[in-house]
Amino acid sequence: MYFNILTLFPEMFNGPLNESMIGRAQENDLLDINIINIRDYASGKHQVTDDAPYGGGAGMVMKVEPVYKAWEDKCRNEKDSSPVILMSPQGRKLNQEIVKDLSAQEGLTVICGHYEGFDDRIRSSIVTDEISIGDYVLTGGELAAMVLIDAVARMIPGVLGDENSVINDSFYNGLLDYPHYTRPRSFKGMEVPEVLLSGNHAEIDKWRQQESLKRTLLRRPDLMEVKTLTAEEIELLEDIKKDLKVKKR
Ligand code: 4GX
């Protein structure tokens, strides 16, 4: 899979995407990240990329032509109609379902805005999707783009060493992850749950499923409302609810 990133701050992408899993994925040619400097497409001696807003008011607006020219030169492709995503707080809020859908694409182009915003004609000319990483305001779209790339790239087969790690993810089955433990068995008086030491894999699976359900119910009840539960999960959930009532008393 490839990513084209249109940005005014190409240097920002150097660290995060060249380390760890995403770094390895690029070395192994599973992932190709093309950083495109919008400033290279700005005209005039000063290569200006922003300007004052029509109608007045504070702040600067990113000009449309440099972004359009960069996209035309490096991203427009007859063979591939990959989405052009604008990172913005006005986009649809990113979640694992969107991440999974995007990972099925051959490539993605991601536009990172700075300043107060873009000339809106960026939207009407090239943007096909607008994504927000959450309801808070960043200084630019670069960090948001890196979050998106990281989440999407790890879904590409082969990027994570162990294919199971995606299947066991938080959210993969719509529930939060269960608790994990490793050595030592005892740490400052806190013990690893007995069942995990039992070697009984049916019991271990059941415990993990139950802990996933319990965490989701207590921490993210909003996720429980949208999830369709299996008969087995409904049964486990009844036990959990009974157990929680007993503890309250
Ligand atoms: N999730 N920002 C983009 C500039 C901007 C404003 C409007 C286009 C249209 C953000 C977020 C985010 C701050 C990135 C404003 N660009 N991006 N930037 N939350 O807050 O994605």
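Start at 1 and go down the list; that is how both ligands and their atoms are numbered.
His114 has its side chain out of reach of Met60: every pair of non-hydrogen atoms, C-beta onward, lies at least 4.5 Å apart.
Remark: Lys214 engages Glu211 in a salt bridge, criterion side-chain N to carboxylate O under 4.0 Å.
Donor-acceptor pairing under 3.5 Å is recorded for the side chains of Glu191 and Ser186. With hydrogens and angles left out, the side-chain atoms of Arg215 and Gln210 include no donor and acceptor closer than 3.5 Å. With hydrogens and angles left out, the side-chain atoms of Glu130 and Ser88 include a donor and acceptor closer than 3.5 Å.
Protein residues are said to neighbour a ligand when one of their heavy atoms lies under 4.0 Å from it; for ligand 1 these are Met87, Ser88, Pro89, Gly113, Tyr115, Glu116, Gly117, Phe118, Arg123, Ile131, Ser132, Ile133, Gly134, Tyr136, Val137, Leu138, Gly140, Gly141, Ala144.
Of the candidates Ile149, Asn37, Ile36, Ile149 is the only one forming a side chain to side chain contact (heavy atoms under 4.5 Å, CB included) with Ile5.
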